Trainee: 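One structure, as structure tokens, below. Some questions next.
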There are 2 protein chains.
Amino acid sequence: MAANRRPTLADVAREVGVSAKTVSRVLNGDGPVSPRTREQVLAAVAELGFQPNLMARNIRVGGPDTTIGLVVPDLGNPFFGAVAGGIEDTVRDRGLTLLMGSSAEDPDRERDLTEKFLARRVSILMVVPSAGADHSHLRTHRATGLPVVFIDRPAVGISADSVVSSNRAGAHDGVAHLIAHGHRRIGFVGDLPAKLYTRRERLSGYRSALREAGIAHDRSLVTSAHDQHGAADATSQLLALADPPTALFAGNNMVALGIVAELSRSKRKDIAVVAFDDLPLAEALEPALTVVAQDPEEIGRTAAATALARLDGDRSRTRSRTITVPTRLIVRGSGERPAPAMQGAASN
Amino acid sequence: MAANRRPTLADVAREVGVSAKTVSRVLNGDGPVSPRTREQVLAAVAELGFQPNLMARNIRVGGPDTTIGLVVPDLGNPFFGAVAGGIEDTVRDRGLTLLMGSSAEDPDRERDLTEKFLARRVSILMVVPSAGADHSHLRTHRATGLPVVFIDRPAVGISADSVVSSNRAGAHDGVAHLIAHGHRRIGFVGDLPAKLYTRRERLSGYRSALREAGIAHDRSLVTSAHDQHGAADATSQLLALADPPTALFAGNNMVALGIVAELSRSKRKDIAVVAFDDLPLAEALEPALTVVAQDPEEIGRTAAATALARLDGDRSRTRSRTITVPTRLIVRGSGERPAPAMQGAASN
DNA sequence: ATGAAAGCGCTAACAT
DNA sequence: ATGTTAGCGCTTTCAT
């Protein structure tokens with residue numbers, strides 16, 4: 001029951017009484033092989049339980065491996081799962097296999113993982129950059145022709161293709177929706193760290209919407225959280241202000257969960273909410289949650305298509321480009337709760 | 001700007017004027033190297049942008065790769081994301097990297113993916129089996145000492161370790177909770193296909209709970225769906241029965257989403273619900289959703305620990321074993337809605 | 001239709 | 001402290 005050595009091509013060849021090359025031919029179907037030999041080889045392969053060693057093959061063939069490496073900050077976040085699904089759908093018929101690993105939002109681990117993928121010679125590298133990560137070390141790889149695409153957030157220290165949501169416009173639309181329904185004190189609960197690209201962009205959209213409406217920016221209404229629990233805390237702190245907000249804008253899905261949970265817990269049905277990124281049960285909430293929906297599958301498909309084009313030698317655009325996938329405001333009700341003024345008018 | 005050949009160990013060696021082995025020593029830190037040589041080598045590595053080819057290394061060293069392959073049916077399902085997170089936490093300090101790929105619940109793709117992992121000589125293979133998949137082809141691999149662990153559902157055609165939730169007991173508890181609150185007509189909306197392990201087990205728990213309460217099993221109350229939309233349909237069909245259920249038991253998280261969405265849409269607050277597997281916004285619903293919570297992180301950790309023990313030569317149990325991770329009933333309110341009889345009593 | 005030899009990039013084992 | 005040789009498992013090249 002000891003761990004037996006795995007059979008190799010040579011073992012199969014010996015078993016049948018042919019050369020290793022012949023076995024190789026049968027398995028890869030290149031050269032001509034007599035039907036009889038083929039059968040014998042196949043039989044021996046099955047009997048010995050031979051499994052070709054792809055590493056050995058790749059090393060000889062020299063080309064990249066038929067895998068594509070994807071680094072995400074969090075395996076549990078369905079947003080990245082959906083992105084991965086979109087990538088897979090696109091690369092599958094090319095015979096490429098998507099391998100996904102987590103950086104846990106840690107720049108060091110992100111780097112480790114990218115190095116591991118590169119050392120295993122993936123055909124394409126895709127990265128959702130962690131906050132604070134630098135990507136200049138990928139320059140030499142790009143020079144060798146390896147397609148590198150950054151997802152959800154652009155790269156730092158390297159010029160490369162990236163695919164992102166229309167964060168600024170999306171956040172603007174969401175906040176404008178609140179303003180259109182009479183809200184003038186609107187709290188913003190964003191991601192952490194504050195330097196995170198998506199947070200900056202979405203905050204920028206928030207501010208531009210306020211500006212257009214002639215509403216002065218009040219820094220005390222801008223807070224952050226890096227998880228659901230923190231977002232719940234941020235929510236109760238905002239509501240405890242002397243001049244509290246009548247509406248909240250959630251900077252991402254995690255934050256939205258925290259806000260909704262906290263409002264539910266404290267029975268504050270009078271607070272309007274719009275969230276960036278859709279949530280599974282958004283429609284079933286009362287009121288149903290209005291969101292700025294992203295399209296993660298489309299982000300994945302776009303990223304994959306971009307990378308495949310590069311792989312096929314797309315030199316049409318030497319310069320790298322940033323592709324923006326549009327968001328869509330889905331009005332479900334939670335943004336329409338009357339602001340105090342209107343509420344007063346209604347009850348009069 | 002053409003795709004330059006990647007530099008190899010030999011290139012670095014030539015650049016510095018030492019042998020390849022010396023460069024290897026510097027990079028892997030085994031043999032002794034003079035500080036001066038080390039510096040020169042490191043400089044050349046940086047300058048040439050050399051990246052070791054791990055495939056070449058692995059093939060020479062002979063051992064398995066420092067990766068662990070995980071096959072899941074759906075990258076977008078947070079349940080599997082959480083499982084993956086638990087695995088990663090456990091294997092990280094062993095220097096193992098988790099690589100995850102999707103079978104899309106398709107036995108053929110599951111097999112393709114496992115073959116790819118095996119051909120790349122992963123140290124450990126973990127699989128969430130697709131419905132209908134057979135795993136007898138993995139026997140020879142287990143014989144070579146490769147740890148194989150099945151997650152969420154046991155393997156077919158091979159004896160191997162597996163880690164699953166307490167599906168039967170969990171479903172039993174959930175249904176018993178409904179019965180305790182006066183319900184006697186309880187609909188079951190399960191996964192598809194009907195042969196799926198988790199569905200069978202949970203249905204079994206449902207039936208045993210009914211049996212214990214002396215409630216006759218009514219086949220017309222048992223339905224299935226394979227996605228959220230189908231679950232919504234199943235829900236409205238159940239409610240349209242001549243003698244409709246007063247409570248519903250959701251067989252998994254997707255189904256729960258469909259049920260909750262449909263009840264919300266049709267404003268049926270009078271229907272009690274208990275779901276198998278927790279949902280992010282469960283607490284924020286009205287009423288809050290009572291669930292039989294699984295512990296996906298713990299499932300992942302357990303699976304990883306089991307595999308690592310095998311990797312370390314745990315022959316203490318030659319026979320494979322199935323480890324059950326307990327579920328926990330979290331009562332939040334949705335299971336307590338009065339059944340018609342009690343409702344009548346209350347309003348009298 | 002098949003085989004022999006060489007070599008992919010790297011490291012183990014033995015030099016020196 | 002460093003170099004040489006051989007070889008991991010496979011495929012390419014060139015024979016036969």
Side-chain angles (χ1 to χ4, degrees), chain A residues 3-42 44-45 48-66 115-116 118-122 141 144, chain B residues 3-42 44-45 48-66 115-116 118-122 141 144:
Chain A
N4 290 314
R5 193 178 60 82
R6 278 172 198 279
T8 71
L9 255 199
D11 294 326
V12 177
R14 198 175 312 116
E15 178 87 6
V16 181
V18 294
S19 78
K21 178 62 213 181
T22 299
V23 178
S24 170
R25 275 196 267 259
V26 172
L27 263 32
N28 294 293
D30 39 66
V33 184
S34 86
R36 198 174 126 60
T37 314
R38 144 171 281 104
E39 269 181 45
Q40 291 179 306
V41 167
L42 259 24
V45 164
L48 297 180
F50 169 76
Q51 295 281 143
N53 185 328
L54 262 207
M55 296 191 289
R57 173 175 219 282
N58 283 331
I59 194 194
R60 177 68 252 235
V61 174
D65 193 15
T66 59
E115 298 289 356
K116 282 206 167 116
L118 294 167
R120 285 174 182 76
R121 299 297 187 258
V122 293
H141 294 282
T144 68
Chain B
N4 291 314
R5 195 178 59 81
R6 277 172 199 279
T8 70
L9 255 199
D11 294 326
V12 177
R14 198 174 313 116
E15 177 88 6
V16 182
V18 295
S19 76
K21 178 65 207 179
T22 299
V23 178
S24 169
R25 276 195 267 256
V26 171
L27 264 33
N28 295 293
D30 39 68
V33 184
S34 85
R36 197 171 126 60
T37 314
R38 142 172 283 106
E39 269 180 44
Q40 290 179 307
V41 167
L42 259 23
V45 164
L48 297 180
F50 168 78
Q51 294 280 144
N53 185 327
L54 260 206
M55 296 192 287
R57 173 175 217 282
N58 282 333
I59 196 197
R60 174 68 253 230
V61 174
D65 192 14
T66 59
E115 298 289 356
K116 282 206 167 113
L118 294 167
R120 286 175 181 74
R121 301 297 188 259
V122 293
H141 293 281
T144 68

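Bear in mind the structure is a predicted one, so any value in this text is a computation, not a measurement. Order of the sequence lines fixes the chain letters, A, B, ..., with proteins taken first and strands second; residue numbering starts at 1 for each chain.
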Trainee: Rounded off to whole Å, could you give me the CD1-to-C1' distance for the B/Ile59 and D/dG7 pair?
Mentor: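 Answer to the nearest Å: 10 Å.
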Trainee: Rounded to the nearest Å, what distance is computed from the CD atom of residue B/Gln40 to the C1' atom of nucleotide D/dT2?
Mentor: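 Rounded to whole Å, this separation is 13 Å.
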Trainee: Between atom CZ of B/Arg120 and atom CG of B/Asn58, what is the distance when rounded to the nearest 0.5 Å?
Mentor: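 B/Arg120 atom CZ to B/Asn58 atom CG measures 12.5 Å (nearest 0.5 Å).
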Trainee: Nearest nucleotide by nearest heavy atom, which residue falls closer to the 5' end of DNA chain D, B/Gly17 or A/Phe50?
Mentor: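 Nearer the 5' end of the strand: B/Gly17.
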Trainee: Please state whether the phosphate of C/dT2, meaning OP1 or OP2, lies under 4.0 angstrom from any side-chain nitrogen or oxygen of A/Thr22.
Mentor: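 It does not, given that no N or O in the side chain of A/Thr22 lies less than 4.0 Å from OP1 or OP2 of C/dT2.
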Trainee: Residues two or more places apart in sequence or in another chain: which of them pass salt bridge (Lys or Arg N to Asp or Glu O under 4.0 Å) with B/Arg121?
Mentor: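 Here no residue qualifies.
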Trainee: Which residues satisfy the salt bridge (Lys or Arg N to Asp or Glu O under 4.0 Å) test with B/Arg14, sequence neighbours excluded?
Mentor: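 Testing B/Arg14 for salt bridge (Lys or Arg N to Asp or Glu O under 4.0 Å), a comparison that skips the adjacent residues, returns B/Asp11.
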Trainee: Just report the end-to-end axis angle for the helix from C/dA1-D/dT16 to C/dT16-D/dA1, five pairs per end, to 10 degrees.
Mentor: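 Axis angle across the helix from C/dA1-D/dT16 to C/dT16-D/dA1, nearest 10°: 30°.
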Trainee: What are the residues of residues 32-39 of chain A, sorted by number, that bring a heavy atom to within less than 4.0 Å of DNA chain D?
Mentor: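 Those residues: none at all.
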Trainee: Please report, rounded to the nearest Å, how far the P atom of C/dG9 is from the CG atom of A/Asp65.
Mentor: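 Value for this atom pair: 15 Å.
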Trainee: Which letter, B, S or -, goes with each nucleotide of nucleotides 11-16 of chain C from 5' to 3', with contact meaning a protein heavy atom under 4.0 Å?
Mentor: BBB---
Trainee: Are any of A/Ser19's side-chain N or O atoms less than 4.0 Å away from OP1 or OP2 of C/dG3?
Mentor: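 Yes, within the criterion.
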Trainee: Can you measure from CD1 (A/Ile59) to CE (A/Met55) and round to the nearest 0.5 angstrom?
Mentor: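 The CD1 atom of A/Ile59 sits 9.5 Å away from the CE atom of A/Met55.
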Trainee: Could you pull out the closest heavy-atom pair between B/Leu27 and B/Phe50, with the gap in Å?
Mentor: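 Shortest heavy-atom separation between B/Leu27 and B/Phe50 comes out as CD2-CE2, 3.4 Å.
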Trainee: Figure out the CG/P separation between A/Asn53 and C/dC8, and round it to whole Å.
Mentor: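 So the CG-P distance, A/Asn53 to C/dC8, works out to 18 Å.
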Trainee: Could you pull out every donor-acceptor pair under 3.5 Å between side chains of residues 29-37 of chain B and any protein atom, sequence neighbours left out?
Mentor:
unit_1  : atom_1 : unit_2  : atom_2 : d
B/Ser34 : OG     : B/Thr37 : N      : 3.1
B/Ser34 : OG     : B/Thr37 : OG1    : 2.6

Trainee: Would you kindly give the CZ-to-P distance between A/Arg121 and C/dG9, to the nearest whole Å?
Mentor: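 A/Arg121 atom CZ is separated from C/dG9 atom P by 9 Å.
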Trainee: Considering non-hydrogen atoms only, spot the tightest contact between A/Ser24 and A/Leu9 and give its length.
Mentor: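 For A/Ser24 versus A/Leu9, the nearest heavy atoms are CB-CD1, 4.0 Å.
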Trainee: What's the spacing between A/Gln51 CD and B/Leu118 CG if we round to 0.5 Å?
Mentor: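 These two atoms lie 6.0 Å from each other.
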Trainee: Looking only at non-hydrogen atoms, find the nearest pair between A/Arg5 and A/Thr8 and report the distance.
Mentor: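 So the two residues come closest at NH1-CG2, 3.6 Å.
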Trainee: Which heavy atom in B/Pro7 sits nearest to a heavy atom in B/Leu48, and how many Å separate them?
Mentor: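 Residues B/Pro7 and B/Leu48, closest heavy atoms: CG-O, 3.4 Å.
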Trainee: Whole Å only: how far is the CG atom of A/Asp11 from the P atom of D/dG9?
Mentor: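 Going from A/Asp11 (CG) to D/dG9 (P), I get 8 Å.
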Trainee: In this structure, how many angstroms lie between the P atom of D/dG3 and the CZ atom of B/Arg14, rounded?
Mentor: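 After rounding, the gap between these two atoms is 14 Å.
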Trainee: Once you round to the nearest 0.5 Å, how far does CD of A/Gln40 lie from OG1 of A/Thr22?
Mentor: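 A/Gln40 atom CD to A/Thr22 atom OG1 measures 11.0 Å (nearest 0.5 Å).
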Trainee: How many whole angstroms separate atom CD of A/Gln51 from atom P of D/dG9?
Mentor: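 My rounded result for the distance is 15 Å.
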